[in-house]
Enquirer: 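What follows is a structure written as C-alpha cells; I'll ask about it next.
Worth knowing before you read on, the calculation uses all heavy atoms, side chains too, and leaves out hydrogens, waters and symmetry mates. Order of the sequence lines sets the chain letters (A, B, ...), proteins ahead of strands, with each chain counted from 1.
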There are 2 protein chains.
Amino acid sequence: MNNNESFAEILKGLQLKATTRRLAVLSILSGEQAYASPEEIWKKLKRKLNTIGLPTVYRILEELSDNGVITKIIHPSRQLYYYYCGNAGHHHHFICVSCRKVEDLNFCASREIENEVSRNLKGRVLSHILQINGLCEPCSRKKGAINAF
Amino acid sequence: MNNNESFAEILKGLQLKATTRRLAVLSILSGEQAYASPEEIWKKLKRKLNTIGLPTVYRILEELSDNGVITKIIHPSRQLYYYYCGNAGHHHHFICVSCRKVEDLNFCASREIENEVSRNLKGRVLSHILQINGLCEPCSRKKGAINAF
DNA sequence: TAACAAACAGAAATCGTTTCTATTTGACCA
DNA sequence: TGGTCAAATAGAAACGATTTCTGTTTGTTA
Ligand SMILES: [Zn+2]
Ligand SMILES: [Zn+2]
Ligand SMILES: [Zn+2]
Ligand SMILES: [Zn+2]
C-alpha cells in the first residue's frame with residue numbers, strides 16, 4: 001500500500017472524500033522536514049496541480065488538523081503552521097523557532113492535569129496545549145539564530 | 001501602598017516609564033475576572049482617559065506580556081487575549097472557552113521537559129506553552145456552552 | 001452513466017494588528 | 001520649579017493573513 005492509498009483510507013475513515021487536493025496536501029506535508037505555512041504549502045501544490053486555490057489549502061489544513069491527521073504549530077509569531085507527524089498516539093513537540101525542525105517529546109502531563117482540573121476545579125477539559133519552543137542542537141550553535149523569528 | 005504605586009514600582013523595575021496609559025491598562029486588567037481582548041480593554045480605557053489609541057493598547061499589552069507582568073492567552077480562535085494574574089511564580093492556566101474564566105494550575109512539567117530536551121535532543125529551550133482549554137464548573141452544566149466560542 | 005452532495009476556484013472582503021510620523025509626556029537634573 | 005531629551009503616544013493609514021461568497025467542478029454511490 002503506497003502513501004496515497006493509505007492517505008485515502010484515512011480520509012475515508014473520516015468521511016472526507018479522497019480528493020486530488022486533499023491527497024496532494026498530505027503528500028506535500030508528509031514530505032516536509034519542517035513545519036510549513038499554508039502559503040508555502042500552496043506554492044508547492046501549484047507545481048503539481050493545474051489549479052489550486054489558497055482558500056482551499058486553508059480549509060484542507062484546518063480539516064486535517066481538526067481531525068488529528070496533522071498538527072497545528074502554535075508559533076510565537078501567531079502565524080499558522082502545520083506539520084505532518086507519522087508518530088501515532090498522543091504526544092507533544094519540541095519545535096525549533098529557527099530552522100522549524102519538529103521533534104517528538106515522550107512527555108505529557110495530561111493525567112495529572114485532568115486530575116487537578118476535575119478534582120479541584122470541577123471543570124471539564126476540552127483540549128490542552130503543550131509545546132516547547134527552542135533551538136535545536138545545530139541552531140543553538142549558530143550565533144544569531146534566535147533572531148531569525 | 002495602593003495598586004497604582006505597586007504597579008509603578010513594577011514598571012520602574014522593568015525600566016519602563018510609569019505612564020498614565022500603562023497604569024490604566026494594569027488597573028483595568030487587574031480588575032477583570034476574565035481574559036480580555038485588546039479592543040475590549042481599549043473600550044474600558046476610553047471611559048477613564050481623555051484619549052487613548054488602540055495601537056497604544058496593543059503595544060502596552062505586548063510589553064507587559066513580554067516582561068511577564070501579564071499573561072497572554074492562547075485561544076483556539078487565535079485571537080489575542082490577556083489576563084492579569086496576581087499569582088507570582090511560574091505556573092500555568094486552565095481557561096474556560098465559554099465564560100473566559102482563568103484558573104491557576106499548580107502543575108508544570110518544565111523540569112522533565114528540560115531534561116528530555118537537553119539530554120536527548122541536545123537542544124535549548126526558549127519557552128514553553130502549557131494551557132488547558134475547557135469549561136469551568138458552571139459552564140460545563142450549561143447546555144450549548146461549548147458552542148459559544 | 002446519472003444524480004447529487006461535497007469540494008473547489010477565484011475574486012473579494014474582512015478585520016485584527018502593525019506601521020508611520022508628528023506631537024506629547026515623564027524622568028531627571030540644574 | 002523649570003528645562004531638556006528620550007521615551008511614549010495619537011491618529012491615520014496600511015497591512016496581510018485569513019475568511020467569505022457564488023458559481024462551477026468533482027467524487028461517490030447506485
Ligand atoms: Zn510528533
Ligand atoms: Zn498531552
Ligand atoms: Zn495564574
Ligand atoms: Zn511551565
Enquirer: Looking at five pairs on each end of the helix from dT1(C)-dA30(D) to dA30(C)-dT1(D), what is the angle between the two axes, given to 10 degrees?
Expert: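 Its terminal axes enclose an angle near 40°.
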Enquirer: Where do L23(B) and A18(B) come nearest, in terms of heavy atoms and distance?
Expert: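 Smallest heavy-atom distance, with atoms named: CD1-O, 3.9 Å.
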Enquirer: For DNA chain D, which residues of residues 17-36 of chain B approach it to below 4.0 angstrom with any heavy atom?
Expert: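 Close to the strand are K17(B), T19(B), R21(B), R22(B).
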Enquirer: Rounded to whole angstroms, how far apart are CD on E63(B) and C1' on dA7(D)?
Expert: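 About 10 Å, once rounded to whole Å.
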Enquirer: Is the distance from OP1 or OP2 of dC8(C) to the nearest side-chain N or O of R59(A) less than 4.0 Å?
Expert: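 For dC8(C), OP1 or OP2 has a side-chain N or O of R59(A) closer than 4.0 Å.
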Enquirer: For K44(A), give me all partners under side-chain hydrogen bond (donor to acceptor under 3.5 Å, both in side chains), at least two apart in sequence or on another chain.
Expert: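 E32(A).
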Enquirer: Show which side-chain atoms of residues 125-132 of chain B pair as donor or acceptor with protein atoms under 3.5 Å away, not counting sequence neighbours.
Expert:
residue : atom : partner : partner atom : Å
S127(B) : OG   : N133(A) : ND2          : 3.1
H128(B) : NE2  : H90(B)  : NE2          : 3.1
H128(B) : NE2  : H92(B)  : NE2          : 3.2
Q131(B) : OE1  : I74(B)  : N            : 3.0
Q131(B) : NE2  : I74(B)  : O            : 2.7
Q131(B) : NE2  : N133(B) : OD1          : 2.7

Enquirer: Rounding to a whole Å, what distance do you find between L16(B):CG and dA7(D):P?
Expert: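 Interatomic distance, CG of L16(B) to P of dA7(D): 12 Å.
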Enquirer: In whole angstrom, what separates K72(B)'s NZ from dT17(C)'s C1'?
Expert: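 Value for this atom pair: 12 Å.
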Enquirer: Quickly work out the W42(B) CH2 to dT9(D) P distance and round it to whole Å.
Expert: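 Answer to the nearest Å: 16 Å.
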Enquirer: Have K46(A) and T51(A) got a donor and an acceptor in their side chains that come within less than 3.5 Å?
Expert: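 K46(A) vs T51(A): no donor-acceptor pair found between side chains.
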Enquirer: Compute the centroid of each ring, for F7(A) and then for Y84(A), and state whether the two points are separated by less than 6.0 Å.
Expert: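 Yes, ring centres under 6.0 Å apart.
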Enquirer: In whole angstrom, give the distance that lies between atom CG of L45(B) and atom C1' of dA10(D).
Expert: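 Rounded to the whole Å, the gap is 14 Å.
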Enquirer: Could you state the CG-C1' distance from L14(A) to dA6(C), rounded to the nearest angstrom?
Expert: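 Rounded to the whole Å, the gap is 15 Å.
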Enquirer: Any salt bridge linking E63(A) with R22(A)? Criterion: basic side-chain nitrogen under 4.0 Å from a carboxylate oxygen.
Expert: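 Looking at E63(A) and R22(A), the cut-off is met.
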Enquirer: Rounding to an integer number of Å, can you tell me how far I52(A) CD1 sits from dC8(C) P?
Expert: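 Nearest whole value for this atom pair: 7 Å.
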Enquirer: Does anything in residues 96-122 of chain A form a salt bridge (charged side-chain N to carboxylate O under 4.0 Å, His left out)? List the pairs, not counting sequence neighbours.
Expert: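 Qualifying pairs, neighbours excluded: E40(A)-R100(A).
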Enquirer: Should the ring pair H93(A) and Y83(A) be called parallel, tilted or perpendicular, given that the plane angle runs from 0 to 90° and is split at 30 and 60?
Expert: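 Perpendicular.
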Enquirer: When every nucleotide of nucleotides 16-22 of chain D is labelled 5' to 3' by its protein contacts under 4.0 Å (heavy atoms), B for base, S for sugar-phosphate only, - for none, what sequence of letters results?
Expert: -SBBB--
Enquirer: Do the side chains of L45(A) and L64(A) join up, straight or via other hydrophobic residues, at under 4.5 Å, putting them in one cluster?
Expert: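 Yes; tracing contacts between hydrophobic side chains, which count when under 4.5 Å, links both residues.
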Enquirer: How many whole angstroms separate atom CD1 of I60(B) from atom P of dA7(D)?
Expert: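 So the CD1-P distance, I60(B) to dA7(D), works out to 16 Å.
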Enquirer: Is any side-chain heavy atom of S27(A) closer than 4.5 Å to one of K48(A)?
Expert: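 Result yes, sub-4.5 Å side-chain heavy-atom pair found.
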Enquirer: Parallel, tilted or perpendicular: which one describes the rings of H75(A) and Y81(A), with boundaries at 30° and 60°?
Expert: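 Rings of H75(A) and Y81(A): tilted, as their planes differ by 30° to 60°.
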